[in-house]
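Report on the structure given below.
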Amino acid sequence: MEAGAGGWPGGVACRPAIEMAFDDINNNPNVLHGYVLNLHSYNSKCQPGLASKQMFELLYKPPVKLILLSGCSPVTTVVAESAPVWNLMVLSYGASSPALSNRQRFPTLFRTHPSANMQNPARIRIFEQFKWKKITIIQSVEEVFTSTAKDLEEQCREKGIRVERQSFYGDPTDAVKTLVRQDARIIVGLFYVTEARRVLCQAFKHGLYGSKYVWFFIGWYADTWYIPPPEEGLNCTAQQMATAAEYHFTTESIMLSPDKRPGVSGMSGEQFQTRLKTLLDTDPANTGGFPEAPLAYDAAWAMALAFNCTLGSLPKGVDLEDFNYNNAIIFEHLFECIRKTQFKGVSGNVKFSDLGDRIAKTQYEQLQNGKYVLLGYYDIFQQEFDWFGKEKFFTSRGAPPDSTIVKESLI
Ligand SMILES: CC1(C)CO[C@@H](CC(=O)O)CN1
């Protein structure tokens, strides 16, 4: 777990969320009765090397640990690759990398954080909704975005949607110029927020905005992400950025349950968030990991419910406290219990795929006049598309632009 510093600073809000969960579980007479959960944590700062060192310290120092909780993708990668050697399960609350959906490399990994690929079926459902038959992807070269782009490309091709792809490292100018040359109209951007601002500024400079174009950005940037921070030295004004950003779409996995009814913990998502804010001494909007904190809270509950299930399934005379790193029997029961875990959490319904991925809904928004408007949801599991019809386009009748003017080749 990282308590914030370097990489994704998720631990700042996620550690208090997990500590809250441990307290709630220890005070709940219906879960793990007679047992007390203890948390041993380190701040890995999202650094794989430091995480490896800390993991070995945790495992070579008593007491025996029963499970590992991990944060960001780089740390989860090293932890989940090593854990099976110790017959340990790994529950990640902060790893979005699609590369982690791999049972050969990560046989004991489960994650309450959805994979970045989870948004691709939702993107494609929109392309189909507006009959866009050609899309262009522009991505920065990080592994998480390359994996997501490859998956989107494959899924689009299966649906008969033509795909072109550009990637860049640092400066997107040349990649944006290629978008112009390719006559890109429907453009999906996959990068972190600093690169997103650089791309948006270049889009303005090259006229890639307005009635002929639709941009898709990732939805987990801050709501004011497109306002240029002076220290970044972008050669675009706030007005130019807002002009280029107007009417862009976003997709993001839902991380906080919108359901007002309480879940297994006795809290709704909103009640959890209200309680968490009392544990933070910083503005939630500027606290690392605040959006993902419900995932961390639910990861602890998934662990506790799996322990509870294991207690009821172990052979007579074998108890959880008999677990050691060489004991595969308890590990196998725990794996089966986590695999079939399903419960109503503060982040939504918690359920895992066979690859250990979180199955989550995707939310669509659109920036309209400087404010994000909720457009609908896509539930990949139920194949349900809830669309509210609030989208806007620049075209005169508000109709969606064409994805491309296919120039018929003269033979
Ligand atoms: C939505 C985001 C910011 C994606 O990256 C995750 C961190 C990671 O995958 O390393 C945390 N949550």
Side-chain angles (χ1 to χ4, degrees), residues 1-15 17-18 43-52 68-81 90-102 105-106 109-120 122-123 139-149 151-152 189-197 216-223 225 250-256 273 276 284-299 347-348 355-365 372:
M1 170 192 297
E2 54 275 352
W8 173 63
V12 182
C14 290
R15 187 209 293 254
I18 290 175
N43 175 3
S44 65
K45 301 178 184 175
C46 200
Q47 295 170 10
L50 180 56
S52 299
L68 296 171
L69 298 178
S70 65
C72 70
S73 293
V75 165
T76 297
T77 300
V78 294
V79 169
E81 206 150 33
V90 180
L91 257 174
S92 174
Y93 54 84
S96 65
S97 171
L100 290 163
S101 309
N102 181 330
R105 279 188 68 193
F106 313 109
L109 172 64
F110 291 82
R111 35 182 178 164
T112 53
H113 193 303
S115 162
N117 279 359
M118 190 58 68
Q119 298 176 44
N120 286 336
R123 293 178 173 120
Q139 56 150 120
S140 57
V141 294
E142 287 83 357
E143 176 273 324
V144 59
F145 302 123
T146 299
S147 301
T148 306
D151 178 76
L152 180 57
L190 299 171
F191 21 68
Y192 289 117
V193 70
T194 305
E195 285 75 16
R197 284 191 280 267
F216 283 79
F217 289 111
I218 293 173
W220 41 256
Y221 305 155
D223 282 357
W225 68 270
T250 65
T251 56
E252 61 188 299
S253 292
I254 292 178
M255 297 184 192
L256 179 71
Q273 207 168 61
L276 179 68
N286 299 318
T287 302
F290 185 75
E292 293 86 354
L295 306 174
Y297 184 83
D298 284 347
S347 64
L355 295 178
D357 286 342
R358 172 72 182 273
I359 298 168
K361 278 188 178 184
T362 298
Q363 168 180 294
Y364 302 99
E365 289 185 330
Y372 278 105

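Keep in mind that what you see is a predicted model, and the values were worked out from it rather than measured. By convention here, the first residue in the shown sequence is residue 1. Note that ligands are numbered from 1 as they come in the structure, with each ligand's atoms numbered from 1 the same way.
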Which residues share a side chain to side chain donor-acceptor pair (under 3.5 Å) with E142, sequence neighbours left out: S140

Partners meeting side chain to side chain donor-acceptor pair (under 3.5 Å) with Q139 (sequence neighbours left out): T146, R165

Proximity of Y93 and Y297 rings by center, below 6.0 Å: no

C14 and W8: CA distance, side-chain angles, deciding distance, side-chain contact (heavy atoms from CB on, under 4.5 Å) verdict: CA-CA 11 Å; C14 290; W8 173 63; 4.0 Å; yes

Which residues share a side chain to side chain contact (heavy atoms under 4.5 Å, CB included) with D223, sequence neighbours left out: Y372

Residue shell around ligand 1, heavy atom under 4.0 angstrom: W8, C72, S73, P74, G94, A95, S96, H113, W220, M255, E292

Aromatic ring pairing F217/F191, orientation class (parallel under 30°, perpendicular over 60°, tilted between): tilted

